[in-house]
Structures are given as C-alpha cells and as structure tokens.
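Accompanying notes for the structure given below.
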2 protein chains.
Amino acid sequence: MNGSQSAFLRQESEFRSADTDKDAAIVSFVGRIGQFGQIADAAVLHPAVDRIGVMQRDQPIWAEQNHADRIFVVDTGFAFAFSLYPDGRRHIGDIFAAGAICNWSSVWGGMLIENVTFKARSRLVVFRRDRLLEIVAEQPELHGAIERHENARCHRRQQRCRGLIALPAMDRLALTLLDIQDELRAAGGDDEWMSLPLTLRELGDLTGLTDVHISRTLRKLQDSGFIEKRGKRFRLHADPGIKAALDYQHFFAG
Amino acid sequence: MNGSQSAFLRQESEFRSADTDKDAAIVSFVGRIGQFGQIADAAVLHPAVDRIGVMQRDQPIWAEQNHADRIFVVDTGFAFAFSLYPDGRRHIGDIFAAGAICNWSSVWGGMLIENVTFKARSRLVVFRRDRLLEIVAEQPELHGAIERHENARCHRRQQRCRGLIALPAMDRLALTLLDIQDELRAAGGDDEWMSLPLTLRELGDLTGLTDVHISRTLRKLQDSGFIEKRGKRFRLHADPGIKAALDYQHFFAG
DNA sequence: CGACGACTTGACATCGATCAAGCGAGGTGG
DNA sequence: CCACCTCGCTTGATCGATGTCAAGTCGTCG
C-alpha cells in the first residue's frame with residue numbers, strides 16, 4: 001500500500017500542462033456538469049488543474065494519502081470508489097464514468113472516505129482542491145451545477161444500496177447494471193450497446209456477491225431476456241415492469 | 001394506505017399548543033442538536049410548531065401525503081424511515097430516537113423520499129416546513145448545528161449500508177445494534193443497559209434478513225458474548241477488535 | 001376468556017459461497 | 001515465431017448460510 005502514491009506519480013505525463021491540453025482534458029467534465037447548469041467559460045478552471053495523467057493499468061489511489069488536497073475527475077475511462085474490511089473483503093461504493101468527480105465531498109459531509117481505483121487506460125484530471133473550491137465559490141452557476149450533479153449521484157447511490165440490502169441476486173445485478181448504464185449515458189455514451197467497464201470480480205464487490213455467482217446470474221439475466229449480448233457488448237431491455245419491481249428511477253440520463 | 005393520514009390526524013391532541021407544551025416537546029430536539037452547536041434561545045422555534053401528537057400504536061406517515069410541507073421530529077419514543085417494494089418487501093433505511101429529525105432533506109438533496117413509522121407511545125412534534133426553514137435561515141448557528149447533525153446521520157447510514165451489503169448476518173446484526181445504540185445515546189439515553197426499540201421483523205427489514213434468522217443470529221451473538229442480556233434489556237460488549245472488523249466508527253455519541 | 005402479535009424452535013428447501021479445474025485472450029521473453 | 005505466464009471468465013461439485021413453512025409458547029389487550 002505504501003509505494004502506491006509514487007507509482008501513481010510516476011505514471012503521469014508531466015508535460016501535458018498546456019492550456020490546449022487542459023481544455024481537452026476537462027471537456028468531458030464541463031460537458032457533463034453543463035447538463036445541470038450553465039457554465040459560462042470552462043477556461044476559468046485552468047488554474048486549478050494540477051496534473052493530467054493516464055493510467056497504464058488499474059491503479060488505486062489511497063484516500064489517506066491523496067484525497068485531502070486533491071480532487072480527481074475522470075476524463076476518459078472508468079473508476080470506482082472502494083473501501084476494504086480488515087478481513088480483505090472489498091466493498092465498491094460508487095462508480096465513475098467520464099466527467100465524474102470521484103471525491104467531491106460536500107453532499108455527504110466529506111466524512112466517509114473511500115479510496116478510488118482508476119481502470120487501465122483511463123485518463124484523469126487532478127485538481128488542487130483549495131483552488132478549485134475558490135473558483136467554484138465565485139461562480140454560483142457552476143457551483144450549483146456541481147452540487148446538483150453530486151446530489152443526483154448521492155441519490156442514485158442510496159437507491160442502489162437499498163436494493164442491494166433488500167433484493168435477491170438477480171434483482172441486485174439488474175439494478176446495478178441499470179446504474180452502470182445510467183452512469184455511462186450521463187458521461188455522454190449515447191450508444192445503446194455498451195461494454196462492461198468492470199470485471200466480474202468488481203461487479204461482485206459492488207453488489208455484495210462473488211464473481212462466480214455474478215457469472216451465473218448474468219447468464220440467467222441473459223436467458224430471461226433482460227440482457228441482450230452481441231459479442232462483448234450488451235444492451236438492457238428494462239421494460240417498465242422491471243423498473244417498477246426494482247423501484248428504479250433514473251437520475252442522470254433520462 | 002389511503003385512510004392513513006386521517007388516522008394520523010385523529011390521534012393528535014390539538015389542545016397541546018401552549019408555549020409550555022411546546023417547550024416540553026422540543027427540549028429533546030434542542031438538547032440533541034445543541035451537541036452540534038450553540039442554540040441561543042429555543043423559543044424562536046415556537047412559531048414553526050404546527051402540532052404535537054402522541055401515537056397510540058405504530059403509525060406510518062406516508063411521504064407523498066405529508067412530507068412536502070411538514071417536518072417531523074421525534075420527541076420521545078422511536079421511529080424509522082422505510083420504503084416498500086412492489087412485491088411487499090419493506091426496507092428500513094434509517095432509525096430515529098428522541099430529538100431526531102425524520103425528514104430533513106438538505107444533506108442528501110431531498111430526492112429519495114421515504115415514509116416514516118412512529119412506534120406506539122412515541123410523541124412527535126410536527127413543524128411547518130416553510131416556517132422552520134425561515135427561522136433556521138436567520139440563525140446561522142442553529143442552521144450549522146442541524147446540518148452537522150444530519151451530516152453525522154448521513155455518514156452513519158452510509159457506513160451501515162456498506163456493511164449490510166458486504167458482511168455476513170452476524171456482522172450485519174452487530175453493526176446494526178451498534179448503530180441503534182449510537183442513536184439511543186445521541187438521544188440522551190446514557191444508560192448502558194438498553195431495550196430494543198424495534199421488533200425482530202423490523203430489525204430484519206433494516207438488515208435485509210428475515211425475522212426468524214434475526215432471532216437465531218441474536219442468540220449466536222449472545223453466545224459469543226457480544227450481547228449480554230438481562231431480562232428484556234441488553235448491553236453490547238464491543239471491544240476494539242470487533243469494531244475494527246466491522247470498520248465501525250461512532251458519529252453521534254463517543 | 002379468546003384474539004392477536006411477538007418471539008422461538010424444528011424441518012426442510014433454496015440461494016449463494018467455496019473450491020477446483022479448465023479455457024481463451026493478451027502480454028512477455030526467448 | 002513460439003513457449004509460457006497471468007488474468008478474466010466459465011463450469012461442476014459440494015457445503016454452508018439463509019429463507020420458508022409450520023407449530024407452539026408467551027404476554028397483552030379487549
């Protein structure tokens with residue numbers, strides 16, 4: 001766990017700090033947040049950008065080392081928040097597609113700290129927390145948009161947690177897949193066919209099941225017609241009946 | 001489900017609206033919130049009090065009928081928030097002891113609406129939402145204290161949800177009992193021996209288990225020494241090792 | 001007294017975890 | 001190019017954990 005931060009630092013491309021690079025890197029962020037409010041000029045965010053990096057492999061970023069003064073935003077790819085129990089069990093608390101803020105804290109009080117893992121080939125933008133908060137404080141529109149966006153995330157997470165406590169495995173997985181789809185669409189992936197951004201092991205840690213059982217349950221969902229698969233991509237057939245049974249609401253993409 | 005609101009109204013004691021009654025009814029609220037900030041004068045809250053009522057039996061208050069313009073505070077007794085799945089499954093999302101606000105919304109965006117059930121013999125204070133928010137807006141200290149209190153609740157809930165997804169039954173129940181103890185102590189119950197404010201069925205809906213399994217798991221926890229029982233009251237022996245295994249933190253009472 | 005709800009207990013069924021083996025894609029080094 | 005490895009995934013066999021159903025006790029309330 002200890003060498004992680006330096007490994008993380010080593011993988012960054014320090015030279016990518018020109019304004020054009022910053023523009024390219026925060027376009028997904030601005031595009032996503034912009035759905036929740038008007039953003040006058042994305043360039044105001046430039047001074048808060050600390051670094052831009054690409055993950056060569058799945059890379060955990062440990063909360064106690066990095067979260068206090070940095071804010072991480074997914075530019076491309078996928079990330080998830082997790083915490084570990086002493087017995088080695090891993091719990092994945094939330095998922096992040098392009099444009100998502102991985103450790104914005106104001107909604108839930110910033111008290112429950114989770115680590116974040118970026119999946120391989122993901123590009124992330126690192127903001128200085130203090131500077132970003134300063135800039136946001138001067139831009140009420142931007143601030144409101146971010147808060148609304150994070151509120152939606154918080155709500156979706158609570159909806160998922162509720163189902164993961166109360167429902168059987170097939171419903172848990174269906175609910176989680178709907179959430180993943182919602183997150184991918186919020187990130188701008190308007191393609192109806194999507195590929196799974198997580199391994200079965202990670203899906204297991206997200207749903208509280210084992211990877212083996214996820215594999216079997218996926219097949220059942222496929223047999224039931226909820227999942228349609230085409231090669232490595234899949235599509236969900238979530239008719240209103242299923243959504244009602246899961247008490248599911250969309251919070252990002254309609 | 002439809003006659004519920006009128007049943008709820010019928011049970012109230014309309015005559016209890018003198019200032020002395022209001023004082024008596026919000027003392028638990030003020031005492032609890034006061035742990036999170038200075039409250040100059042509790043009497044400023046009087047104009048926001050709509051009614052004071054005592055529940056003769058377990059009484060659900062349905063969100064879609066009552067939550068929009070009312071805020072419910074437990075004065076004495078116990079309450080819990082719940083939602084229902086179409087198949088009849090009930091999920092209990094949070095628990096409230098004396099002094100707790102049952103439907104304060106600003107922390108998590110007020111989007112995930114849950115119903116609230118007050119247990120028999122509980123006394124509740126009903127505030128007019130708009131007036132309470134006006135008063136609070138003019139009292140930054142009070143507002144901050146409430147927000148901090150609700151942040152702590154939100155955090156504790158997230159901690160519990162995480163464990164309820166990832167952990168086996170014994171750990172789930174132990175975690176939940178610790179939370180109940182935390183809530184009771186935050187309400188001022190400094191007695192080390194406490195009695196269970198929920199039925200086994202409700203504990204099941206809170207943990208995602210069945211009442212039968214709760215019964216057996218309680219016995220196991222008793223055999224393991226975590227629970228010490230004396231008549232109907234019990235005490236928890238949560239040594240640091242257990243708390244570490246559950247990754248448990250206190251958020252209200254130390 | 002009877003009715004009812006909370007709880008317990010036992011027998012059994014089902015769900016999901018665990019362990020082990022094998023397959024295939026992708027990466028690495030010779 | 002091949003040999004070899006690792007990782008993600010699948011499948012089967014088996015075990016343990018949890019749910020379901022049913023019966024019975026106890027206390028409370030009318």
Side-chain angles (χ1 to χ4, degrees), chain A residues 55-60 78 80 85 87-92 117 119-121 163-177 195-224 227 229 231-234, chain B residues 55-60 78 80 85 87-92 117 119-121 163-177 195-224 227 229 231-234:
Chain A
M55 293 306 179
Q56 293 168 10
R57 64 191 65 187
D58 290 10
Q59 179 65 50
F78 211 79
F80 58 84
Y85 282 96
D87 66 353
R89 219 178 286 258
R90 178 177 66 174
H91 170 71
I92 295 186
T117 286
K119 298 287 293 176
R121 285 174 301 283
L164 293 177
I165 292 171
L167 300 173
M170 270 184 71
D171 292 344
R172 284 196 210 184
L173 189 52
L175 179 62
T176 303
L177 289 175
S195 52
L196 213 49
L198 299 173
T199 68
L200 296 197
R201 182 87 207 287
E202 287 156 356
L203 274 180
D205 292 336
L206 183 55
T207 54
L209 303 167
T210 58
D211 52 353
V212 177
H213 201 63
I214 292 285
S215 172
R216 295 190 229 261
T217 309
L218 271 177
R219 170 156 303 277
K220 276 191 206 167
L221 285 174
Q222 210 173 327
D223 293 344
S224 79
I227 298 177
K229 232 177 170 178
K232 293 213 150 194
R233 321 200 99 206
F234 68 98
Chain B
M55 292 308 179
Q56 293 170 8
R57 64 192 65 188
D58 290 11
Q59 180 66 49
F78 210 79
F80 58 83
Y85 282 96
D87 65 355
R89 219 178 286 258
R90 177 177 68 176
H91 170 71
I92 294 185
T117 286
K119 297 288 291 177
R121 285 173 300 283
L164 292 178
I165 292 172
L167 300 174
M170 272 184 71
D171 292 345
R172 283 195 212 184
L173 189 51
L175 179 64
T176 303
L177 290 175
S195 51
L196 212 49
L198 298 173
T199 67
L200 298 196
R201 182 84 207 287
E202 286 156 358
L203 274 179
D205 293 336
L206 184 54
T207 55
L209 303 166
T210 58
D211 51 353
V212 177
H213 201 62
I214 292 284
S215 173
R216 295 191 227 262
T217 309
L218 271 178
R219 169 156 304 277
K220 277 192 205 165
L221 285 175
Q222 210 173 327
D223 294 344
S224 79
I227 297 178
K229 233 177 169 178
K232 291 213 150 192
R233 321 199 100 206
F234 67 100

Just compare [options] and give me whichever is closest to any side-chain atom of [X].
| X | options | result |
| --- | --- | --- |
| R219(B) | dC7(C), dT18(D), dT9(C) | dT9(C) |
| T199(B) | dC7(C), dG19(D), dG10(C) | dC7(C) |
| P168(B) | dC21(D), dG12(D), dT18(D) | dT18(D) |
| V212(A) | dA17(C), dT11(D), dT8(C) | dT11(D) |

- Please figure out whether L218(B) or G208(A) has its closest DNA chain C nucleotide nearer the 5' end.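 Closest to the 5' end, via its nearest nucleotide, is L218(B).
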
[X] side chain near [N] phosphate (N/O to OP1/OP2, under 4.0 Å):
| X | N | result |
| --- | --- | --- |
| S215(A) | dC9(D) | no |
| R57(A) | dG27(C) | no |
| R216(B) | dC7(C) | no |

Grab the [atom1]-[atom2] distance between [X] and [N] for me, whole Å please.
| X | N | atom1 | atom2 | result |
| --- | --- | --- | --- | --- |
| L167(B) | dT18(D) | CG | C1' | 16 Å |
| L200(A) | dG8(D) | CG | P | 10 Å |
| L203(A) | dA17(C) | CG | P | 13 Å |
| D223(B) | dT9(C) | CG | P | 11 Å |
| D58(A) | dG27(C) | CG | P | 13 Å |
| I214(A) | dT11(D) | CD1 | C1' | 16 Å |
| L209(B) | dG19(D) | CG | P | 5 Å |
| Q222(B) | dC7(C) | CD | P | 14 Å |

- Separation between CG of L173(B) and CG of L203(B), rounded to the nearest 0.5 Å: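 With rounding to 0.5 Å, CG (L173(B)) is 6.5 Å from CG (L203(B)).
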
- Rounded to the nearest 0.5 Å, how far apart are NE2 of H91(A) and CG of L164(A)?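 With rounding to 0.5 Å, NE2 (H91(A)) is 8.0 Å from CG (L164(A)).
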
- Is the shortest heavy-atom distance from the side chain of R57(B) to the side chain of K119(B) under 4.5 Å?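 No, their side chains stay 4.5 Å or more apart.
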
- Under 3.5 Å donor-acceptor, D58(A) side chain and A120(A) backbone: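 Present.
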
- Does R90(A) use its side chain to pair, donor to acceptor, with the backbone of D205(A) at less than 3.5 Å?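 Looks like no, no N/O pair under 3.5 Å.
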
- Using a cut-off of 4.0 Å on non-hydrogen atoms, how would the nucleic acid contact of G204(A) be classed: base, sugar-phosphate, or nothing?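 Contact class for G204(A): none.
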
